[in-house]
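Here is the naming used below: chain letters follow the sequence lines, and residue numbers restart at 1 for every chain.
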Protein chains: 2
Amino acid sequence: MSLPLTPMIQSCILHFGEMGSRWGINRTVGQMYALLVLSKEPLCADDITEALGISRSNTSMGLKELMSWELVKLQHRPGERKEFYSAPGDVWDIAKTLIEQRRKREIDPTLSTLRNLLIDSPANADEEYAQQRMREMHELIEMLTLWTQEIQRLDSAQLGKLLKLGSSIGKVLDMKDRLLGGKKETTK
Amino acid sequence: MSLPLTPMIQSCILHFGEMGSRWGINRTVGQMYALLVLSKEPLCADDITEALGISRSNTSMGLKELMSWELVKLQHRPGERKEFYSAPGDVWDIAKTLIEQRRKREIDPTLSTLRNLLIDSPANADEEYAQQRMREMHELIEMLTLWTQEIQRLDSAQLGKLLKLGSSIGKVLDMKDRLLGGKKETTK
DNA sequence: CTGTAATTTCAGTAATTACTGAAATTACAG
DNA sequence: CTGTAATTTCAGTAATTACTGAAATTACAG
């Protein structure tokens with residue numbers, strides 16, 4: 001990407017910066033990633049520093065963070081020491097990585113905490129009630145996680161096909177109901 | 001809930017406090033909500049203040065925040081001015097509210113920003129590429145949003161039935177493939 | 001309407017997080 | 001191996017966010 005940034009690209013970067021700061025990720029890292037995603041060519045640290053008007057060391061730390069999320073790929077050019085960074089070319093790959101990483105950082109620890117708290121038997125009525133809620137939370141989170149993991153298995157093409165069904169997913173679910181219907185549930 | 005807190009309940013509250021601080025929500029608000037969820041009885045502001053060892057004004061601000069997320073219900077007891085707060089009894093209701101609110105705060109503004117940026121025609125090759133990425137992002141986010149909205153329609157009982165299928169969702173998707181198969185896609 | 005208990009607001013401060021610039025380290029072309 | 005360009009680390013500072021206590025406001029029992 002040739003610098004400096006056009007207003008259009010600039011606004012997009014600023015927006016993702018703001019959004020980033022509502023997540024755990026900070027503003028600058030959000031901007032950096034938007035910049036990388038919108039760039040056709042891989043960028044080096046100096047490109048990013050210049051484009052966003054931040055310090056070189058800040059760029060370094062931000063890239064480290066993005067690496068830890070596995071959201072960027074590193075490339076080298078022959079005969080140059082400089083490192084070039086780029087985002088995956090497929091947005092669904094990016095989304096899958098995000099989902100995966102957030103699961104690891106937020107969901108898994110929560111599930112494990114809940115499981116541990118559910119091992120002990122309740123000491124009184126309050127704990128009994130509290131454990132019941134924890135059990136419900138654990139079950140719900142686990143189910144939702146399984147579900148999204150299934151969806152993550154899909155590759156880009158499959159996802160496209162599937163989601164183009166759009167809101168007719170309702171129909172898919174009904175279909176499932178009919179299938180299950182035979183088992184022993186009365187409808188609803 | 002009778003105060004003070006037992007170690008079990010304490011740990012759960014602390015965990016959700018930590019998790020909360022990785023989201024936009026701050027530690028105290030996370031703790032407050034965990035406390036409310038684990039409490040059988042509605043709590044008043046002073047109960048929360050005392051249980052978490054925070055200032056009364058902090059409690060007030062936290063409750064305001066939770067109200068803005070529509071995550072707590074307000075109750076009054078006859079003959080008392082005091083206000084009592086409680087979380088929904090059904091964890092799926094809580095999850096649905098969370099999803100809904102995050103959609104409103106993060107997804108919708110992003111979709112609208114992207115749409116706006118896609119209106120103008122690209123000024124150069126860089127912008128053309130950038131717009132292409134934005135288009136892909138917009139499409140993906142919109143599809144995922146539609147999908148989760150469908151799932152949000154389900155009530156607790158339906159969800160339970162559906163998710164008890166567990167990972168066999170793969171089968172549901174295959175099923176859909178077979179249904180669609182007739183149309184014109186060759187498999188994969 | 002009055003008194004008071006409860007809640008909210010807000011300015012000030014504490015705590016945390018983000019960022020910079022200089023120094024140290026690393027990687028590699030030559 | 002040497003020199004240098006690139007990257008990283010880190011201590012210090014800036015910026016932001018969280019929290020408190022006092023003052024103001026609100027709600028309602030009486």
Q) In this structure, which one of A:L52, A:I25, A:V72 forms a side chain to side chain contact (heavy atoms under 4.5 Å, CB included) with A:M32? A) A:L52

Q. Are A:R77 and A:P42 side-chain neighbours, meaning at least one heavy-atom pair lies under 4.5 Å?
A. no

Q.
Classify A:N58 by what it touches in the nucleic acid, base, sugar-phosphate, or nothing, heavy-atom distance under 4.0 Å.
A. base

Q.
Side chains of B:E127 and B:Q131 only: does a donor on one sit below 3.5 Å from an acceptor on the other?
A. no

Q: Give the minimum heavy-atom separation between B:P88 and B:K73, together with the two atoms involved.
A: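 For B:P88 and B:K73, the tightest heavy-atom pair comes out as CA-NZ, 4.1 Å.
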
Q: Looking only at non-hydrogen atoms, find the nearest pair between A:M137 and A:L114 and report the distance.
A: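 Taking every non-hydrogen atom into account, CB-CD1, 4.1 Å.
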
Q.
At under 4.0 Å between heavy atoms, how does the protein contact nucleotides 1-15 of chain C? Give one character per nucleotide, 5' to 3', with B, S or -.
A. ----BBBBB------

(Q) Distance check, rounded to the nearest 0.5 Å: B:L36 atom CG versus B:L63 atom CG? (A)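 So the CG of B:L36 and the CG of B:L63 are separated by 7.0 Å.
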
Q: Could you grab the distance from atom CG of B:L43 to atom OG of B:S86, nearest 0.5 Å is fine?
A: 8.5 Å

Q.
Membership question, hydrophobic clusters at under 4.5 Å side-chain separation (ILVMFWY): are A:W23 and A:I13 in the same one?
A.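 They do share one cluster, since a chain of ILVMFWY contacts under 4.5 Å joins A:I13 to A:W23.
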
Q) What about B:V91 and B:Y85, same hydrophobic cluster or not, with Ile/Leu/Val/Met/Phe/Trp/Tyr joined at side-chain heavy-atom distances under 4.5 Å? A)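 Linked, B:V91 and B:Y85 end up in one cluster.
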
Q. So with a 6.0 Å cut-off around CD of A:Q149, is the heavy-atom count from everything else above 12?
A.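 Result for CD/A:Q149: enclosed.
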
Q. Does anything in residues 11-25 of chain A reach DNA chain D, meaning a heavy atom under 4.0 Å, and if so which residues?
A. none

(Q) Rounded to whole Å, how long is the line connecting atom CE of A:M32 with atom P of C:dC19? (A)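 For the pair A:M32 CE and C:dC19 P, the rounded distance is 10 Å.
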
Q | A:N26 CG - C:dT20 P separation (whole Å) | A |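 After rounding, the reported distance stands at 11 Å.
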
Q | Where DNA chain C forms stems, i.e. three or more consecutive Watson-Crick or G-U pairs with both distances under 3.5 Å | A | C:1-30 with D:1-30

(Q) Assuming nearest nucleotide by heavy-atom distance, tell me which of A:P78 and A:G53 is located more 5' along DNA chain C. (A) A:G53

Q) Pick the nucleotide of DNA chain C nearest each of A:H76 and A:T28; which residue has the one closer to the 5' end? A)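 In this pair, the answer is A:T28.
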
Q) Should B:K40 and A:E128 count as an ion pair when the cut-off is N to O under 4.0 Å? A)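 Salt bridge absent between B:K40 and A:E128.
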
